[in-house]
Amino acid sequence: MAVATLSALQAGKQMKKKNSTMKMKSDVEELMPRLLPVESRGEKEDGGDYSLNEPPRNPQEYLRHVQREASLCPDVVVAQIDPKKLKKNQSVNVSLTGCRAAPQGFSPSLRWQQLQVSSFSEVRQSVTKHRQHWRAQFLDDNVVMPKPDDEEGWKRFCLGESVYLDASPSEGDAVSPGLDYVKMGFPPFLSIVSKLSQSTVSAVLEYLINWFQERDFVPQLGRWLYALLACLEKPLLPEAHSLIRQLARRCSTVRANLENRDDERLSALNLMICIVARYFEQNDLADKE
């Protein structure tokens, strides 16, 4: 009696499962009605008349091929993803390491950082407000902006040939110091930076940070980094997020090697770290009092 009851329960479950599957297929058919009529044919005729391995001979057979292939597809498909392959092929690596601690007496106060963030925010608002006006201004004939993908050209343009080529000033330059922007580097005038698209801003920022990774901090670099950060729109893209963190860490490394608090580079380095950490909310990189 117990065996019979168990068999009846199993049969009931199988029938319920079958009915559920039929209902699911019915629901799918209701959601996706047939757009083209397909003549119904018996299984015997299906097997003897045409094969799925052969190309269809007419539109009717093509529709039947599609119908047959669709019936063989599972209702649910789960992708098998290998996390190791994704990690290997990712294009952006965001480092979570923080900045190097400043030597005693080299880090700025919290009040100073707050004032710099407020000033930087006003600069960004002014750039945004007057961008259209300055974008419409014509550049002087001697200002030839490099193409967006010309990394070496942008380094020369922003830093000047003297810094880019690591050349000391000649005697002629000392006698008649003129505004030779080719040698000194073009300042980041609003008429120049306002013409840069966001992709170009990110590209030039990357070029200069890459240059800074193996060289010392110079005034021309500081001016351009400040201007580009002022033009960088929020929310940040992953590439920009990684770049500015890289910049702050490099600034902290250079600062850690300074020997004197009167070094003219200290204030600029603190400013770069402050903007990245406080304005762009990379709080783990911020200087603590």
Side-chain angles (χ1 to χ4, degrees), residues 1-97 146-151 154 195-207 209-210 228 231-246 280-282 284:
M1 186 68 176
V3 175
T5 304
L6 182 59
S7 299
L9 288 174
Q10 291 177 344
K13 289 181 180 179
Q14 292 177 355
M15 182 62 70
K16 185 176 181 180
K17 183 178 180 180
K18 182 177 181 181
N19 291 338
S20 177
T21 303
M22 294 177 63
K23 184 179 184 302
M24 185 182 297
K25 291 183 177 180
S26 177
D27 292 341
V28 173
E29 290 178 357
E30 290 178 1
L31 291 173
M32 303 177 62
R34 297 181 181 179
L35 298 180
L36 297 173
V38 182
E39 296 179 0
S40 59
R41 306 176 68 174
E43 294 183 0
K44 182 177 180 181
E45 191 175 356
D46 285 347
D49 198 12
Y50 76 97
S51 172
L52 290 175
N53 297 326
E54 298 178 359
R57 295 169 295 186
N58 51 58
Q60 191 70 17
E61 286 191 0
Y62 171 76
L63 294 175
R64 293 181 63 79
H65 268 71
V66 174
Q67 188 181 49
R68 175 70 66 83
E69 290 176 355
S71 66
L72 298 177
C73 294
D75 295 332
V76 178
V77 179
V78 179
Q80 300 297 328
I81 300 176
D82 186 358
K84 295 181 180 179
K85 292 183 179 180
L86 294 179
K87 186 176 181 179
K88 184 184 298 183
N89 294 329
Q90 67 179 0
S91 57
V92 178
N93 294 305
V94 179
S95 176
L96 299 179
T97 57
K147 296 181 179 179
D149 58 349
D150 184 4
E151 180 172 355
W154 274 108
K195 298 182 186 300
L196 304 180
S197 64
Q198 276 301 293
S199 59
T200 305
V201 169
S202 297
V204 178
L205 192 61
E206 181 179 5
Y207 301 153
I209 292 175
N210 289 341
L228 293 171
C231 296
L232 195 62
E233 294 179 357
K234 297 173 70 174
L236 297 179
L237 295 175
E239 293 83 356
H241 177 274
S242 178
L243 279 174
I244 64 172
R245 290 183 63 86
Q246 187 178 347
F280 288 103
E281 301 173 344
Q282 307 300 308
D284 61 305

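Everything numeric in this text was worked out from a predicted model, so none of it was measured.
- Considering only heavy atoms from C-beta on, D284 comes within 4.5 Å of R245 through its side chain.
- When the side-chain contact (heavy atoms from CB on, under 4.5 Å) test is applied to L243, the partners found at least two apart in sequence or on another chain are E206, I209, Q246.
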Q: Starting from the C-alpha separation in whole Å, work towards a yes-or-no answer on side-chain contact (heavy atoms from CB on, under 4.5 Å) for L205 and E239.
A: CA-CA 11 Å; L205 192 61; E239 293 83 356; over 6 Å; no
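- Judged purely by atom type and a 3.5 angstrom limit, Q282 uses its side chain to pair as donor or acceptor with the backbone of F280.
- Closest non-hydrogen pair, P56 versus Y62, comes out as CB-N, 3.5 Å.
- Between H241 atom NE2 and L232 atom CG the span is 11.5 Å, to the nearest 0.5 Å.
- The structure places CG of D149 at 10.5 Å from OG of S199, a figure rounded to the nearest 0.5 Å.
- Every residue two or more places apart in sequence or in another chain that forms a side-chain contact (heavy atoms from CB on, under 4.5 Å) with E151 is listed here: K155, Y207, N210.
- Between the NE2 atom in H65 and the CZ atom in R57 there is a gap of 9.0 Å [rounded to 0.5 Å].
- Considering all non-hydrogen atoms of both residues, A203 and P148 come closest at CB-O, 4.2 Å.
- The number of heavy-atom neighbours closer than 6.0 Å to NZ of K147, taken from other residues, nucleotides and ligands shown, is 12 or below.
- Residues satisfying the side-chain contact (heavy atoms from CB on, under 4.5 Å) criterion with E233, sequence neighbours excluded, are Q198.
- T200 is linked by a side chain to side chain donor-acceptor pair (under 3.5 Å) to S197, counting only residues two or more places apart in sequence or in another chain.
- Rounding to the nearest 0.5 Å gives a distance of 10.5 Å between CG of L196 and OG of S202.
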